[in-house]
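Chain identifiers are assigned alphabetically (A, B, ...) following the order of the sequence lines, protein sequences preceding nucleic acid strands; residue numbering begins at 1 within each chain. Any value given below was found using the heavy atoms of this structure, including those in side chains, with hydrogens, waters and symmetry copies removed.
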Amino acid sequence: MDTLFDLPADPPARAARPGTADLLEDLNPAQREAVTHAGGPLLVVAGAGSGKTRVLTRRIAYLLAERGVHPGEIMAITFTNKAAAEMRERVAALVGKRANAMWVSTFHSMCVRILRREAKTLDMSSSFSIYDSDDTKRLITLVARDLDVDPKKYAARTLAVHISNLKNELVDPEEAASKAANDLERRVAEVYAEYQRRLSSANAFDFDDLIMQTVSLLQAFPDVAEYYRRRFRHVLVDEYQDTNHAQYTLVRALAGTEATDTGIEPAELCVVGDADQSIYAFRGATIRNIEEFERDFPNAHTILLEQNYRSTQTILSAANAVIARNPNRRAKRLWTDSGDGEKIVGYVSDNDHDEAAFVAGEIDSLAERGEADYSDVAVFYRTNNQSRVFEEIFIRLGLPYKVVGGVRFYERREVRDMIAYLRVLANPDDTVSLRRILNVPKRGIGDRAEAVVATHAERERISFWAALRDAVEDKVPLLNPRSAKAITGFVTLLDELQEMASSGTEVHDLLEAVLERTGYRAELEESDDPQDASRVENLTELVTVAREFAEFTAEVTNDENAELVLDDGVPAPGSLPAFLERVSLVADADSIPSPDGGEEGDGGAGVVTLMTVHTAKGLEYPVVFCTGWEDGVFPHMRALGDPAELAEERRLAYVAITRARQRLYVSRALTRSAWGQPQMNPASRFLDELPPDLVDWRRLEPSSPGFGNFGSSSGSSSGPRAATTWGRRSSSSTSSSSPFGKAWKDTVALKLDVGDRVSHDKYGLGTVISCDGVGPRATATIDFGASGKVRLMLIGSVPMVKL
DNA sequence: AAGCAGACTATTTTT
DNA sequence: TAGTCTGCTT
């Protein structure tokens, strides 16, 4: 929860702030150069653990202290609120309250601020809603349905992804339509156009719009651009490798690349990033931006930070070895002067259950030996569903833990329902939110009634809300009286709530009123589903969040010493719009346990943290367990066939390894249950890429004669693979207690030769093109004609027969 | 309009 | 396995 409120934190009281000399003294030469560089665009290539944040914050402090820059001239952009908060805090510790006049924010909140201020220019109201991916998907579903798009052929999700990609590339609907080359793209363009119309009539922007619309604003209105250009003379961007094309363009537009007609020089630009840690390509991030920085910004200067202050040399060497396998990368080798440290510990378990037991046992003995507190330990996995086994085992053993990520607070249904109510109160045109709550809780307004009202709204060219009002006055044709009555009740309810909202009722009281008067809480309380009990708790939590929000902002506002900068574009502190903005733009309510032993009374040892590798980016732990290193799990199955995706998986592995400070564990399981059925996976190729002398294998795969040895992943073929599936084993033959060899019995289900014809349950008829490997590693590449060429493992019960 | 049973489908996710 | 969606019944 704390990320909601830690943005404008006051700096800790300091007797004396560091003087200028101190600002540079404890920096290495490269860091120092990055801090003091003046003039042209600067790219700081900051390897993992190389003191990136330190460089950024010192640079800002140095600008203020040494170069006479006013804080108001500084714009620092990050990707997460957490990063923004940390930067603000650390700068404040160096320079004090002057830090409050800087813009330190995420791309998105920066854009919201600009858009609120300039909303009129774009023909929007400044009370616009911000749609997240869930709202977006809902609206796209509605649009697709209205346009008769076959949901079987093109799922809303697919459409949403494509539209998002277009926006990330700054392609508007017209351009999308003209460039559409196939049926899918034509449909997407069609939906895109209508979707934008609906967004704008709902007075809403989606996440991608926040960026894209700000770019068009700056490009279409030079005077607006000039205002910001004049104002921000220093633009700093963190995690530059994660920027997409739209964000890149935004940075360019903001900083400028040449002097304006009115003689304003480009702002001084400083970007920091590491191409090797780019793990968000699937969301549009382009590694190109950092790779081509020097081309994009002539006379740019580049500084490489390679000295690492986090990990042992063993860990760094492992990381270097893995990432070195990625093609076309700028050479970079992390090093440290703090010694080799412990060897990496490797472990091969029979199944996922045993892997978790190994991890738990190891954590226990580390704790017992006093070599680590629980809070020093993190367990990483590739996908969220892998957390379950760990939870089971940890609970059984009484090991305190916390899972980070998964379904987040603000994504829970009940919370979103309440937010939808609030949004409607702030912006009645917000049709997506309005339709969400129309019949929640159930009040007798069904699909049919909703459709009739929607049609009426469409025909009369009025908003859905106005159409509901028409329903009250019996002006909607085809609406049956029962529904009209139900709608009347709903409209009356909303009117009352709106009255409360506009008369300045505080957000938490408003929430309480919604919970009571809608009967939402009552419904949950009456239910005997245990899930509903936790929903009630979440709602109570939400009210608490709202109350703290009000109190916190009141505190900040009343602090006379605080140099609060309230430009246009910032909603009144504590107000409903302010709350909604915070909620929309802060995703992670679940906090990551703090390393200092953390939560209340855990005996000081804290808790073990469990999370995906993606979530782990930017964090560090003394002890790290990298689990599930199996081909098909990590790297993920969907990445196996595509070199670009495989390279991203490798960067992910690199990120995972470099989170560790002192001890690194890597493990894999021979079988793993997924979707109910146990699955066999070969070793991750990344394990083979670890230098063997750095790894102490505690347990290896039992080798049987003729079955090949562990680690010889022969399948490094780069041949075309449309898809890869792994054989299923019958569930009866696997149990954690069964002796080892047993798992291999009758594993070769099919003996195939080139030219054989086969029939596969999923892919149909095919011809064997090639065969590879023996025993459990036996695979065949099969041409299934229209279903493509597929490489299959022949172990276990392959759903395939030889003809 | 609402509730239930069977079908379907499964990454990662800073905002 | 589990959560969501669809279509059928009441």
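Positionally, the nearest nucleotide of DNA chain C for A/R388 lies more toward the 5' end than for the other of A/R388 and A/K137. Nearest-nucleotide mapping onto DNA chain C: of A/K152 and A/R413, the residue sitting toward the 5' end is A/R413.
The listed nucleotides are B/dT11, B/dA10, B/dT15; the one nearest the side chain of A/E649 is B/dT11.
Within residues 447-456 of chain A, the residues that have a heavy atom under 4.0 Å from DNA chain B are, in order of number, A/D447, A/R448, A/A449. Contacts between residues 378-385 of chain A and DNA chain B, defined by a heavy-atom separation below 4.0 Å, involve A/R382, A/T383, A/N384, listed by number.
As a whole-Å value, the separation of A/E645 CD from B/dT11 P is 14 Å. Rounded to a whole Å, the NE2 atom of A/H108 is 16 Å from the P atom of B/dT13. Separating the CG atom of A/D150 from the C1' atom of C/dT6 is a distance of 14 Å, rounded to the nearest angstrom.
A salt bridge is absent between A/E86 and A/K82; no separation between the charged side-chain nitrogens and carboxylate oxygens falls under 4.0 Å.
Residues satisfying the side chain to side chain donor-acceptor pair (under 3.5 Å) test with A/S133, not counting sequence neighbours, are none. A search for side chain to side chain donor-acceptor pair (under 3.5 Å) contacts involving A/H456 returns A/D470, not counting sequence neighbours. Applying the side chain to side chain donor-acceptor pair (under 3.5 Å) criterion to A/D238, with sequence neighbours excluded, gives A/K52.
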Can you check nucleotides 2-6 of chain B for protein contacts, nitrogen or oxygen pairs under 3.5 Å, and list what you find?
residue	atom	partner	partner atom	Å
B/dA2	OP1	A/G444	N	3.3
B/dA2	OP2	A/N439	ND2	3.1

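For B/dT15, the base has a donor-acceptor partner in the side chain of A/R283 [N/O atoms by modelled type, under 3.5 angstrom].
No aromatic stack links A/W675 and the base of B/dT9, using centre distance under 5.5 Å and interplanar angle under 30°.
Using a 3.5 Å distance cut-off with no hydrogens or angles, the side chains of A/Y280 and A/N244 do not pair a donor with an acceptor.
Of the possible polar contacts, one joining the A/N427 side chain to the A/N203 backbone as a donor-acceptor pair under 3.5 Å is found.
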